[in-house]
Amino acid sequence: MNEVVNCAAYLEGRRIANVEINNIHEVLDHPEQFLWVGLHEPGEETLEKFQKEFNLHDLAIEDAHAAHQRPKLERYGDTLFIVLRTAQKNTKHQRIDFGETHFFVGPQFLVTIRHGSSISYADVRNRCESTPHLLRKGQGFALYAVMDSIVDQYFPVVEALEEELQNIEEKVFNEKPTRQTTENIYQLKRQLLDVKRAVSPLIDISNRLMRYDIKLISEETQPYFRDIYDHALRINEMVDHARELLNTALEANFSLISISQSDVAKKFAGWAAILAVPTMVAGFYGMNFDFMPELRWHYGYPVVVAFTISLCVLIYLMFRRSGWL
Amino acid sequence: MNEVVNCAAYLEGRRIANVEINNIHEVLDHPEQFLWVGLHEPGEETLEKFQKEFNLHDLAIEDAHAAHQRPKLERYGDTLFIVLRTAQKNTKHQRIDFGETHFFVGPQFLVTIRHGSSISYADVRNRCESTPHLLRKGQGFALYAVMDSIVDQYFPVVEALEEELQNIEEKVFNEKPTRQTTENIYQLKRQLLDVKRAVSPLIDISNRLMRYDIKLISEETQPYFRDIYDHALRINEMVDHARELLNTALEANFSLISISQSDVAKKFAGWAAILAVPTMVAGFYGMNFDFMPELRWHYGYPVVVAFTISLCVLIYLMFRRSGWL
Amino acid sequence: MNEVVNCAAYLEGRRIANVEINNIHEVLDHPEQFLWVGLHEPGEETLEKFQKEFNLHDLAIEDAHAAHQRPKLERYGDTLFIVLRTAQKNTKHQRIDFGETHFFVGPQFLVTIRHGSSISYADVRNRCESTPHLLRKGQGFALYAVMDSIVDQYFPVVEALEEELQNIEEKVFNEKPTRQTTENIYQLKRQLLDVKRAVSPLIDISNRLMRYDIKLISEETQPYFRDIYDHALRINEMVDHARELLNTALEANFSLISISQSDVAKKFAGWAAILAVPTMVAGFYGMNFDFMPELRWHYGYPVVVAFTISLCVLIYLMFRRSGWL
Amino acid sequence: MNEVVNCAAYLEGRRIANVEINNIHEVLDHPEQFLWVGLHEPGEETLEKFQKEFNLHDLAIEDAHAAHQRPKLERYGDTLFIVLRTAQKNTKHQRIDFGETHFFVGPQFLVTIRHGSSISYADVRNRCESTPHLLRKGQGFALYAVMDSIVDQYFPVVEALEEELQNIEEKVFNEKPTRQTTENIYQLKRQLLDVKRAVSPLIDISNRLMRYDIKLISEETQPYFRDIYDHALRINEMVDHARELLNTALEANFSLISISQSDVAKKFAGWAAILAVPTMVAGFYGMNFDFMPELRWHYGYPVVVAFTISLCVLIYLMFRRSGWL
Amino acid sequence: MNEVVNCAAYLEGRRIANVEINNIHEVLDHPEQFLWVGLHEPGEETLEKFQKEFNLHDLAIEDAHAAHQRPKLERYGDTLFIVLRTAQKNTKHQRIDFGETHFFVGPQFLVTIRHGSSISYADVRNRCESTPHLLRKGQGFALYAVMDSIVDQYFPVVEALEEELQNIEEKVFNEKPTRQTTENIYQLKRQLLDVKRAVSPLIDISNRLMRYDIKLISEETQPYFRDIYDHALRINEMVDHARELLNTALEANFSLISISQSDVAKKFAGWAAILAVPTMVAGFYGMNFDFMPELRWHYGYPVVVAFTISLCVLIYLMFRRSGWL
C-alpha cells in the first residue's frame with residue numbers, strides 16, 4: 001500500500017514500532033505514545049480508515065482529499081487541521097512547482113498528507129529521530145520539524161526570484177528596451193504574487209500556533225513556532241521588497257523606452273537634415289533659368305559639390321555636439 | 001400561487017408536510033419542527049403574510065422586497081436577515097448575471113427569497129432531504145446548504161475570468177497592441193470589481209455566523225460556516241490576484257504600445273533613408289552645370305544607377321543589422 | 001421671523017402645538033413632550049435664544065453658526081451635536097450642490113439647522129406626522145427620518161455620476177481621444193471625491209448612533225439607524241467602485257492615446273512612401289546624362305508614368321494589408 | 001533678558017503678577033495659582049533654570065532645546081511635553097515657513113517655547129486674559145488657546161495650496177503643456193506632504209488630550225481639545241483631497257502632453273503632404289523625356305501651376321475637416 | 001581571544017573588573033552586579049560558552065550566530081533577544097553599508113554581538129562609564145545607550161539620501177532627461193527601501209521596550225526607550241516622505257521626457273518646413289515647359305533666390321514665435 005509512506009509509534013522521542021492501519025487503536029490505548037503518519041496523495045478509502053481511527057471531521061477530510069486549498073489552520077474539537085503550500089524551484093523549466101501538505105494533529109497523532117510536487121519528509125523524520133531529546137516534546141515538535149522544512153524551502157525560491165530581478169535590472173538599464181524584458185517583468189510579478197499567496201497566510205498560522213492556548217503545542221515548543229513565524233515574516237518581506245522594486249523597474253523601463261524613442265527621433269531628424277541639404281542645393285542648380293552665371297563657370301560643379309559636402313559635414317558635427325547623432 | 005415555490009415542515013431532518021401559508025401557525029406550535037420556505041420575487045401581499053406569521057421587522061421586509069441590496073447580515077431580535085448576491089456565467093453573452101437571495105432565519109423557520117437571475121434551490125433542498133442526519137441539525141444547516149451552493153457557483157465564474165485574463169496576456173505579449181485589447185482589459189477589470197463587490201462582504205457574514213454567539217446556529221453547525229468562510233476567502237483571493245496581474249498587464253501593454261510605436265518610427269526612418277538617397281543622387285545629376293564630365297560619359301547613366309542601387313542595398317543591410325528594419 | 005421655519009411640540013407622536021421661542025420652557029416642563037425645531041441659516045441672535053433654552057455648548061453653537069464643517073457627531077453632556085452634508089443634483093449646471101444640516105438632539109428636543117443648498121424638511125415632518133405610531137418613539141425617530149431623507153438624496157446624485165462614467169467609457173473606447181475627455185475624467189474624479197468626503201463620515205456617525213449606549217436613541221429606534229448605516233455603506237461602495245473604474249479608464253484612455261498616436265505615425269509613413277516613390281522616379285528621369293535611352297523612346301514618358309502609378313498603387317495595397325493605411 | 005518673553009502668575013483666570021525666574025518657587029507655593037511662561041529660542045542656561053524650578057525631565061529638555069522634532073505628546077510623570085509645528089504663508093517667497101512650538105504643562109505651569117518662524121502668542125494671552133471665566137479653567141485652557149491659534153493658522157496655508165491647485169488645473173486644461181506646469185505640480189506635492197507631515201500627528205495628540213484621563217486637562221476643558229481634533233481632521237482631509245486631485249492632475253497632464261504630441265505629429269504630417277505634392281508634380285515636369293506633349297503646350301505651365309495649387313488647397317481642406325490641421 | 005572585545009562587571013554604574021569567560025559565574029553570584037559583554041562575529045565555540053553561562057535558548061543562539069536576521073525582539077523566559085540592523089554611509093562607494101547587532105539582555109547581563117560593517121561600541125561604553133548616575137539604572141540603560149547610538153547613525157544616512165533626492169530633482173527639472181537620471185531614481189528607491197526595511201521594525205521593538213511590563217527595563221529607563229521610539233518614527237517618516245516625493249519625481253521625469261520628445265518633433269518639423277520650401281520652389285523652376293516667362297527674365301534667378309530666402313526667413317520667424325524653434 002503505497003499511499004501510506006510511513007506510520008510509526010513514538011515513545012519518549014524514539015520510534016518504537018511501525019504500525020499497520022488496523023493496529024492503530026492499540027497505540028492510542030497508550031496515552032504516553034503518539035503516532036506519526038506520512039501519506040502521499042491518499043485515496044478515499046485510506047483517508048476514511050484514518051478518519052475512523054482518529055475521529056476526524058467530515059469537512060476536514062473533504063478538504064484533505066482535494067488539493068488546491070488555501071493555507072489555513074482550522075480547529076475541530078481537539079484536532080487541528082493545517083494546510084500549507086510547498087514550493088520548489090524547477091530549474092529545468094525556469095518556474096516554481098507548488099505543492100500542498102495537509103496536517104492533522106491530535107492528542108496522540110500527527111498525520112501529514114502530501115499533494116502534488118513536494119519532497120518526501122523522510123529526511124525530516126530521520127533528523128527528528130536522531131534528536132530524541134527534542135522529539136520527546138511530542139507530536140507538536142514533529143509538526144514544527146515538518147513545517148520548518150517546508151518554510152526553509154522558500155528561501156532558495158525567493159532568492160532565485162531576487163536574482164531574476166537583478167537580471168531584469170541589468171537588462172532594463174544596460175540594454176535596449178525589448179518586448180522580452182517587459183514580458184519578463186510581468187512573469188516575475190506573477191511568480192512573486194504566487195509565492196506571496198502561498199507564504200502570507202503562514203504568518204497568521206504560525207502566529208496562532210505560537211500564541212494561543214492550544215494544548216497540543218506545549219509551552220516549550222512555542223518558541224519553535226515563533227521561529228517559523230519569523231522566517232515567514234522574512235520571506236514575506238523579501239517578496240514585498242522585490243515587488244516594490246519590480247514596480248519601479250517597470251516604470252523606469254517605461255521611461256527608458258520613451259527616452260530611446262526620443263533618440264530614434266533625434267537620429268532620424270539628424271540624418272534627414274544631412275540628406276535634405278544636398279537635395280535642396282541640387283534642386284537649385286537644376287533650375288532652368290537662362291541667366292544663372294554659376295552654371296557657366298568651369299569649376300561651378302566641383303565647387304558646389306565641395307560646398308555641399310562641407311555643409312553636410314558641418315551639420316553632422318553640429319548634431320554630434322548636441323547629442324542628436 | 002407561483003411566488004411561493006416551496007413551503008414545507010421538517011421534523012428530525014425529514015420533510016413531514018407541505019404547508020399552506022394559512023396553516024403555518026400550526027407548525028410553529030410544535031417547537032421541535034421547523035419550516036423551510038422558498039419564495040421567488042414575491043409580491044407585497046405574500047411578504048406581508050409571512051411577516052405576520054414570523055413576526056419580521058418592517059425594515060427587513062422593505063429590504064426583502066427590493067433587490068439591489070448590498071450583501072449583509074442583520075439581526076432583528078431573534079431573527080437574522082441575510083442578503084447575498086448570486087452570480088452565474090452567461091455563456092451566451094459573455095457576461096456575468098448577478099442575482100440576489102435574501103434569507104430570514106428564525107427560531108423555527110428559514111425563508112429564502114430569490115431575486116433576479118439565479119437557479120432554483122430545489123436541488124439543494126433535495127440533497128438536504130437525502131441526508132436527514134445532517135438536516136436534523138435544524139434550519140441553520142439548511143441555511144448553510146443554500147449559502148454553500150451560492151458560494152460554490154462563484155468558482156466557475158472566477159475561473160472564467162482567470163481564463164479571460166490568460167487570453168488577454170496572450171494578446172498583450174504575442175500580438176500587436178490594439179484598441180480591442182485595451183478595452184478587454186477594462187471590461188475584465190469591471191467584472192472583477194463586480195465579483196469582488198458581491199463576494200467580499202461574504203467573508204464578514206460567514207465569519208460572524210461561524211464565530212458569534214447566535215443561538216440559531218448550533219455549535220456543531222458552525223464548522224460548516226467556517227467552510228463557507230474559507231471558500232469566500234479563496235474566491236476573494238483569486239479575484240485580488242487577477243486584479244493585481246491585470247493592473248500589471250495594463251502597464252505592460254502600455255510599455256509594449258510604446259515599443260511598437262518606436263518600431264514604427266524606426267521602420268519609417270529606415271525606408272525614408274533608402275528612398276532619400278537615390279532622390280538626392282538623381283537631383284545632383286539633374287543640375288544644369290555646363291561642365292559636368294560624368295554626364296557626358298557613355299556609361300555614366302548605368303554606372304550611377306548601379307551605384308545608387310548598391311548604396312540603397314547597403315543602407316538596407318545596415319538598418320537590418322541594427323534591427324531598425 | 002423667517003429663520004425659524006417650524007417649531008412644534010409633540011406628544012405621543014402627534015403635533016400638539018406650534019410653539020413660540022419664548023414659550024419653549026413651558027413644553028420642557030412636560031417631560032413626556034418633545035420639541036422639533038426647524039431653522040434655516042439662523043442669525044446669531046436666534047441661535048443664542050435656543051442656546052439658552054436648551055442649554056447648548058458654546059463650541060457647538062459656534063460650529064452651528066458657520067457652515068463648512070466636516071460631518072461629525074459630538075456629544076456634549078446629554079446633548080448630541082451632529083453635522084451632515086446634503087447633496088443635490090443641479091441639472092442646470094451639471095454639477096452637485098452641497099449643503100449642510102446641523103442637528104441638536106437633547107432629552108426633549110430636536111433642532112435641525114439648514115445651511116446652503118438643501119430642500120426643506122417639511123415633507124419629512126409631514127410623513128412623520130402621518131405615522132404617529134412611529135413618531136411616538138420620540139425625537140430619535142424624528143432625527144432618523146431627517147437623516148434618512150438626507151442619505152436617500154445621495155442615490156440619484158451617485159447614479160448621475162455613474163451615468164457620467166458610462167458616457168466617459170463610451171467616449172474613451174468609441175471615439176478619438178480628445179482633451180475634453182481627459183478633462184471630463186478629471187472633473188468626475190473631483191465630484192466623486194467630493195461625494196466621498198461628504199458620505200464616508202456618515203458611516204461612522206450612523207454606526208455610533210446604532211451601537212453605542214446613547215440614551216437619546218431608544219433600543220427600538222436603533223435598527224433604523226442601522227438602515228442609514230447600510231445606505232451610507234452602499235453609497236460609499238458605489239463611489240469607490242466608480243473611482244476605481246475611473247482610474248482604470250484614465251489609464252486605458254492613455255493607452256488609446258498612444259495607440260492613436262501610433263496610427264497617425266503609420267498613416268503618415270504610408271502616404272510619405274507613396275509620395276516619395278514618384279518623386280524619386282521623376283528625379284531619375286530628370287538627370288541630364290547624354291546617354292539615357294529611355295528618354296528618347298517615343299512611349300518612354302507614358303510608360304514611366306504608368307509604371308510609377310502602378311508602383312504607388314502596389315505600395316498603397318501593401319500598407320493597406322498590413323493595417324498602416 | 002529677551003529669551004523670556006513673558007512670565008506671569010494667574011489666579012482665578014486673572015493675571016496677578018509678572019514673575020522673575022528666581023521668584024517662581026513663590027508662586028508654586030500657592031497651589032491655586034499657575035504660571036504661564038512664554039520663551040523664544042531659549043539658551044541652555046535659561047532652560048536649565050526652568051528645568052530646576054519645574055522639575056522637568058532631561059530628555060524633554062534636550063528635545064526642547066533643539067528644533068526639528070516631530071509633533072508629539074509625551075508624558076513624564078505629571079508633566080506633559082508637547083511638540084507642535086507651526087506654519088505660515090510666506091507671501092513674498094511663495095512658500096510656507098514652518099516653525100515649532102514646544103509646551104511643558106505641569107500641575108501649576110504652562111511653558112511655551114517658540115522655535116523658528118512663528119508669530120508671538122501675546123495676542124492669544126491677551127484674548128485669554130479678556131475672558132477670565134474661561135481662563136480660570138486653568139493652564140489646560142491656556143494650552144488649548146495656544147494650540148487653537150496654531151491650528152487655525154493652517155487654514156489660510158491650506159487654502160493657498162488649494163488655490164495653487166486650481167491655478168495648476170487651469171494651466172493643465174487650458175494651456176499648452178510646459179515643463180513649468182510639471183514642476184509646479186511637483187512643488188505643490190512637496191508642500192502638501194510638508195503640511196501633512198506637520199498636521200497629521202496633531203490628530204493623535206488632540207485625540208489623546210480630549211480622551212484620556214490626564215488630570216491636567218479638566219473634564220470641562222476636554223470639549224475644547226475635541227474642537228482642535230476636529231480642525232486637525234479637517235485640515236488633514238483638505239490636504240488628502242488636494243493630494244488625490246493633484247495625482248489625477250499629474251496623470252491628466254501626462255495624457256494631454258501625449259495628445260498635444262499627437263497634434264504636433266498631425267500638423268507636421270498635414271503640411272508635409274501639402275509641400276510634397278507640388279514637389280512631386282514639379283519633379284515630373286522636370287523629366288527630360290523627348291516626347292512630353294504637355295511641355296510643349298503654350299498654357300502648360302500655368303495650367304500645371306493652377307492644378308497643383310488646387311490640389312494643395314484640396315488637401316488642406318481635407319486635413320482641416322479631419323482635424324489634423 | 002579577539003572575538004570577545006570587552007567583558008566587564010559593573011556595580012553601582014561603575015566598572016569594577018574585566019572578567020574572563022571562565023569567571024563569569026563569580027559575577028553572577030552577586031545579584032547587585034551586572035556584566036556587559038561585547039562580541040564581534042563570535043565563533044560557535046565562544047557563543048556556546050556564553051550560552052552555558054547565561055542559559056540562553058538554542059534558537060536564539062542559532063540566530064545570533066548567523067547574520068541576515070530581520071530586526072526583532074524575542075523573549076525567552078527572563079531573557080530578551082534583540083536583533084537590530086546598523087547602517088553607515090560608505091562615502092567612498094556611494095552606498096550604504098548595513099551590519100547587524102544582536103543583543104542578549106538578562107537579569108544580570110547585556111551581551112552585544114556585532115556582525116558585518118559597524119563601528120565599535122567602545123565609545124558608547126566610555127560615555128556610559130562617564131555618567132555612573134545613569135548607568136547605575138542597570139543593563140537596561142546600557143542597552144538603551146547602544147541602541148541609541150545605532151539609531152542615531154541612521155540620521156546622516158537618511159540625510160544623505162535626501163540630498164541625493166535633491167540632486168535628482170535638480171537634474172529632472174533643470175537638465176535634459178537622460179537614462180542616468182532614471183537609473184539614479186531607481187537606485188535611490190532601492191536604498192530608501194533598504195533603510196525602511198532596517199528601521200521600520202525598530203518602531204515596534206522600541207515601543208514594546210517602552211510600554212510592556214518587562215522587568216529588565218526599569219520604569220525610569222522606559223522614557224529613554226520612548227526617545228528611541230521617537231527617533232525611529234522620525235527616520236521612518238523621513239524615508240516615507242522621500243519615497244513619496246521620489247515617486248512623484250519619477251512621474252514628473254516621465255512627463256518631461258514626453259515634453260522634450262515633443263520639442264524634438266517640433267524642431268524637426270520646423271526645419272523640415274524651412275528646407276522643404278526652397279526644394280519645392282527649385283523643383284518648380286526645374287520644370288521643362290517651353291513657355292515659362294520667368295526663366296527668360298534676366299533677373300529671374302536672383303529674384304527667385306531672394307524670394308525663397310525671404311520665405312524661409314518668414315517661416316523661421318513664424319515657428320520661432322509659436323515656440324517650435
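We name chains A, B, ... by the order of the sequence lines, and we start the count at 1 in each one. Every heavy atom of this structure was used, including side-chain atoms; hydrogens, water molecules and symmetry mates were not.
- Using a 4.5 Å cut-off between heavy atoms, C:L275 touches chain D through backbone and side chain atoms alike.
- Atom CD in D:E251 sits 5.0 Å away from atom CG in C:L250 (nearest 0.5 Å).
- One distance of note links NE2 of C:H298 with CZ of D:F289; it measures 12.5 Å at 0.5 Å rounding.
- Interface check for chain D: of the options C:K267, C:K189, C:R197, the most heavy-atom pairs under 4.5 Å are formed by C:R197.
- Only the side chain of C:H57 comes within less than 4.5 Å of a heavy atom of chain D; its backbone N, CA, C and O stay farther away.
- For D:V281, no part sits under 4.5 Å from any heavy atom of chain C, backbone or side chain.
- Residue-environment remark: CZ (C:R320) stays at or below the threshold of 12 foreign heavy atoms within 6.0 Å.
- Here the straight-line distance linking atom CD of D:Q261 with atom OG of C:S258 works out to 8.0 Å at 0.5 Å rounding.
- In terms of heavy atoms, D:S322 sits closest to C:K176 at O-NZ, 4.4 Å.
- Relative to the ring axis of D:F291, C:R296 does not place its NZ or CZ within 45° and under 6.0 Å from the centre.
- In this structure, chain C has a heavy atom under 4.5 Å from the side chain of D:A272, while its backbone stays farther away.
- Only the side chain of C:T308 comes within contact range of chain D, with at least one heavy atom under 4.5 Å from a heavy atom of that chain.
- A salt bridge links D:E244 with C:R243: the closest approach of a Lys/Arg side-chain nitrogen to an acidic carboxylate oxygen falls below 4.0 angstrom.
- For the pair C:K72/D:Y229, no side-chain contact is recorded, criterion being any heavy-atom separation below 4.5 Å from C-beta on.
- Of all heavy-atom pairs between D:E237 and C:R70, the closest is OE2-NE, 3.3 Å.
- Looking at D:W324, D:F319, D:W271, D:F268 one by one, the single match for ring-ring contact (aromatic ring centres under 6.0 Å, His included) with C:F268 turns out to be D:F268.
- Atom OH of residue C:Y301 and atom CD of residue D:E294 lie 3.5 Å apart, to the nearest 0.5 angstrom.
- Interface residue C:Q69: backbone and side-chain heavy atoms are both found under 4.5 Å from chain D.
- Closest non-hydrogen pair, C:T182 versus D:S255, comes out as CG2-CB, 3.9 Å.
- For D:D240, no part sits under 4.5 Å from any heavy atom of chain C, backbone or side chain.
- Of all the listed residues (C:Y299, C:Y186, C:F254, C:Y76), the one sharing the greatest number of non-hydrogen pairs under 4.5 Å with chain D is C:Y186.
- When each of D:K266, D:R226, D:M292, D:R234 is scored by its heavy-atom pairs under 4.5 Å with chain C, the top score falls to D:R226.
- Put simply, CD1 on C:I185 and OG1 on D:T248 are 10.0 Å apart, with the number rounded to the nearest 0.5 Å.
- Put simply, the side chain of D:D227 reaches to within 4.5 Å of the side chain of C:D63, judged on heavy atoms.
- Looking at D:A249, the atoms closer than 4.5 Å to chain C (heavy atoms on both sides) sit in the backbone and in the side chain alike.
- Contacts of C:M287 with chain D are made by backbone atoms alone, with heavy-atom separations under 4.5 Å and no side-chain atom involved.
- With a 4.5 angstrom heavy-atom cutoff, C:D194 touches chain D via backbone and side-chain atoms both.
- Applying the 6.0 Å contact sphere to CD of D:E175 captures more than 12 heavy atoms from other residues, nucleotides or ligands.
- When side chains are defined from C-beta on, D:N288 does not count as touching C:Y285, because their heavy atoms never get closer than 4.5 Å.
- With values rounded to the nearest 0.5 angstrom, D:L256 atom CG is found 10.0 Å from C:T181 atom OG1.
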